[in-house]
Chemist: 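First the structure, which I've put down as structure tokens, then a few questions once you've had a look.
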Amino acid sequence: QVQLVESGGGLVQAGGSLRLSCAASGRTSWIYAMGWFRQAPGKEREFVATIIWSGGSTYYTDSVKGRFTISRDNAKNTVALQMNSLKPEDTAVYYCATKPRIGSIWAPTEYRYWGQGTQVTVSS
């Protein structure tokens with residue numbers, strides 16, 4: 001199993017920045033990719049970004065391209081999401097998740113282990 005612990009959420013004004021971190025422990029050799037999803041009240045969980053553990057390729061949903069950056073530290077088994085130019089519509093609970101195999105990077109069902117989530121609130 002893989003355990004994930006997120007940190008770094010909070011309240012920020014529109015235009016501000018936050019940095020989320022996710023630390024993985026356990027069977028980290030099972031990780032093919034680590035990603036971030038978010039879920040706003042009354043909405044489905046949506047893909048935000050993911051990074052392939054070996055090689056470092058990154059993928060983003062269109063609404064965050066140019067504003068968010070995902071990065072990893074393989075030695076520390078951590079992944080970070082730097083969020084700049086935040087907008088009120090970015091408000092959600094953000095979840096870190098691990099993907100064990102090649103396949104769709106967009107679907108939550110492709111990710112096996114999930115963190116507990118961290119709240120990000122952007123005020124206008």
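The figures here come from the full heavy-atom set of this structure, side chains too, leaving out hydrogens, waters and symmetry mates.
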Chemist: Of the non-hydrogen atoms in T28 and N77, which two are nearest, and what is the gap between them?
Modeler: OG1-ND2, 3.6 Å
Chemist: Taking the side chain as C-beta and beyond, is there a heavy-atom pair between V93 and T118 under 4.5 Å?
Modeler: no
Chemist: Quick one: are Y60 and I70 in side-chain contact, heavy atoms under 4.5 Å?
Modeler: yes
Chemist: So, for R38 and S63, which heavy atoms are closest and what is the spacing to 0.1 Å?
Modeler: NH2-OG, 3.4 Å
Chemist: Using a 3.5 Å distance criterion without hydrogens, assess whether the side chain of E6 forms a donor-acceptor pair with backbone atoms of C96.
Modeler: yes
Chemist: What are the two closest non-hydrogen atoms of I52 and A33, and how far apart are they?
Modeler: CD1-CB, 3.8 Å
Chemist: Under 30°, 30 to 60°, or over 60°: which ring-plane class applies to Y94 and F68, parallel, tilted or perpendicular?
Modeler: tilted
Chemist: If I take atom CD1 from residue I102 and atom CD from residue E110, how far apart are they, to the nearest 0.5 angstrom?
Modeler: 11.0 Å
Chemist: With rounding to the nearest 0.5 angstrom, report the CD to CG distance, E89 to L86.
Modeler: 10.0 Å
Chemist: T121 and Q119: side-chain donor and acceptor closer than 3.5 Å?
Modeler: yes
Chemist: Can you tell me if K65 uses its side chain to pair, donor with acceptor, with the backbone of Y59 under 3.5 Å?
Modeler: no
Chemist: Indicate yes or no for a side-chain donor-acceptor contact from T91 to the backbone of P88 under 3.5 Å, with no hydrogens or angles considered.
Modeler: yes
Chemist: Donor-acceptor pair, Y95 side chain versus G35 backbone, under 3.5 Å?
Modeler: no
Chemist: Write down the atom of M34, the atom of C22, and the distance for their closest heavy-atom approach.
Modeler: CE-SG, 3.8 Å
Chemist: If you compare all heavy atoms of G8 against all heavy atoms of L18, which two are closest, and at what distance to 0.1 Å?
Modeler: O-CD2, 4.0 Å
Chemist: Passes ring pair (Phe, Tyr, Trp, His ring centres under 6.0 Å), F37 versus W114? Steps please.
Modeler: CA-CA 10 Å; F37 288 76; W114 293 80; 5.1 Å; yes
Chemist: Is there a donor-acceptor pair under 3.5 Å between the side chain of N74 and the backbone N or O of W53?
Modeler: yes
Chemist: So does Q116 have more than 12 non-hydrogen atoms from other groups sitting under 6.0 Å from CD?
Modeler: yes
Chemist: Is it the case that T50 and Y111 place a side-chain donor and acceptor less than 3.5 Å from each other?
Modeler: yes
Chemist: Side chains of T69 and L81: closer than 4.5 Å at any heavy-atom pair?
Modeler: no
Chemist: Under a 3.5 Å distance rule, please check whether R67 uses its side chain to pair with a backbone N or O of S85 as donor and acceptor.
Modeler: yes
Chemist: To the nearest 0.5 Å, what is the distance between OG (S71) and CD1 (I51)?
Modeler: 6.5 Å
Chemist: Tell me the closest heavy-atom pair linking A24 and V2, and the distance in Å.
Modeler: CB-CG1, 4.2 Å
Chemist: Between the side chains of D73 and T78, does any donor sit under 3.5 Å from an acceptor?
Modeler: no
Chemist: Thinking salt bridges, do D90 and K87 make one under a 4.0 Å N-O criterion?
Modeler: no
